[in-house]
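Right, one structure below, let's go through it.
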Amino acid sequence: MRTKTRIAALIAASALALAGCSSNDEKSDSGEGDGGANGDGITIGVKFDQPGLGLKDGSEFKGFDIDVAKYLAKELGYEEDQITFVESVSAQRENMLENGQADLIVATYSITDERKERVSFAGPYFVAGQGLLVAEGEADISGPDSLDGKTLCSVSGSTPAQRIKDEHSEGVQLQEAQGYSECVELLSSGAVDAVTTDDIILAGFAAQDKYAGKLKLVGKPFSEELYGVGVAKGSDMCEQVNEALTKMIDDGTWEKAVKDNLGDAYTPNPDTNPPAPGGNCG
């Protein structure tokens, strides 16, 4: 009886072990448990609709912010196939970090005191400034003080165009659009005289093949926007990202990424770029 009992116990144990192996194999094959900073991957919020910065083209992602994100992921120990890019809508960026929907956000995300109450920032990794985009043959517009009688386009609800009207050219006519791509189309067709937002965003549109030789940035940037990498408030990852950004700048990858994505016609403001990351992790 004892022998039969032992044999039955061994058979039962073996069956349980085999069932466990089968269950684990099924989870591995289905990919369960993968993804997220605590698993085998990292999730990064980016823009999907900003040429030269963050653009989803079919299944591919390209742009300066995408190159920054890939470099950071590698320095944090992740290969490209371990990165999941998710769309980072401007109004939802803080929520995405707080809810764990993204581990990092690299999406022309300006560092502000108000945002720092909810999230932490590594960086800055770029300092943008408000700029003006005009047609290549435009000779009358040289900066924000030369827009009286001209039509200026910006997106609905944004402040850059109103800032120009209030502080530089009271006689400018403001044209609102739903997005900057619409503004640039209006500029290209001659329906407006200029478009304004951050200079690097404008440079991204101008660098598109369909606008080659047709558009140009004029004047010097006339504001400062510090782009940071958003992380969850108090995350230990923040200082690691700062170290990675510093390395990216020092080893020349940062400069190459700017040129590759924004073209030789665009030069970042040398007074503020490349920046010195750090000081915003609190």
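By convention here, the first residue in the shown sequence is residue 1. Bear in mind the structure is a predicted one, so any value in this text is a computation, not a measurement.
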With no hydrogens and no angle check, just 3.5 Å: does a side-chain donor-acceptor pair link [X] and [Y]?
X	Y	answer
Thr253	Tyr71	no
Gln240	Asp236	no
Thr151	Gln173	no
Lys210	Ser188	no
Asn280	Lys116	yes
Asp198	Tyr227	yes
Tyr78	Asp40	no

**Asked** Relative to each other, are the rings of Phe85 and Phe61 parallel, tilted or perpendicular (30° and 60° limits)?
**Response**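 Taking Phe61 first and then Phe85, their aromatic rings sit tilted (interplane angle of 30° to 60°).
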Give the minimum heavy-atom separation between [X] and [Y], together with the two atoms involved.
X	Y	result
Val241	Leu104	CG2-CD2, 4.0 Å
Pro144	Ile164	O-CG2, 3.9 Å
Thr196	Tyr180	O-CE2, 3.6 Å

**Prompt:** Considering the options Leu53, Ile200, Asp65, Val68, which one meets the side chain to side chain contact (heavy atoms under 4.5 Å, CB included) requirement together with Phe126?
**Reply:**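 For Phe126, the side chain to side chain contact (heavy atoms under 4.5 Å, CB included) check succeeds only for Ile200.
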Could you tell me whether [X] atom [atom1] has more than 12 heavy atoms of other residues or ligands within 6.0 Å of it?
X	atom1	answer
Lys150	NZ	yes
Glu167	CD	yes
Lys165	NZ	yes

**Other cluster members, Ile111 - Ile/Leu/Val/Met/Phe/Trp/Tyr, side-chain contacts below 4.5 Å** =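 Val86, Met96, Leu97, Ile105, Tyr109, Val119, Phe121, Val127, Leu226, which link up through side-chain heavy atoms under 4.5 Å apart, make up the rest of the cluster.
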**Message:** side chain to side chain donor-acceptor pair (under 3.5 Å), that's the test. Do Tyr211 and Glu136 meet it? Break it down for me.
**Reply:** CA-CA 10 Å; Tyr211 298 126; Glu136 179 61 40; over 6 Å; no
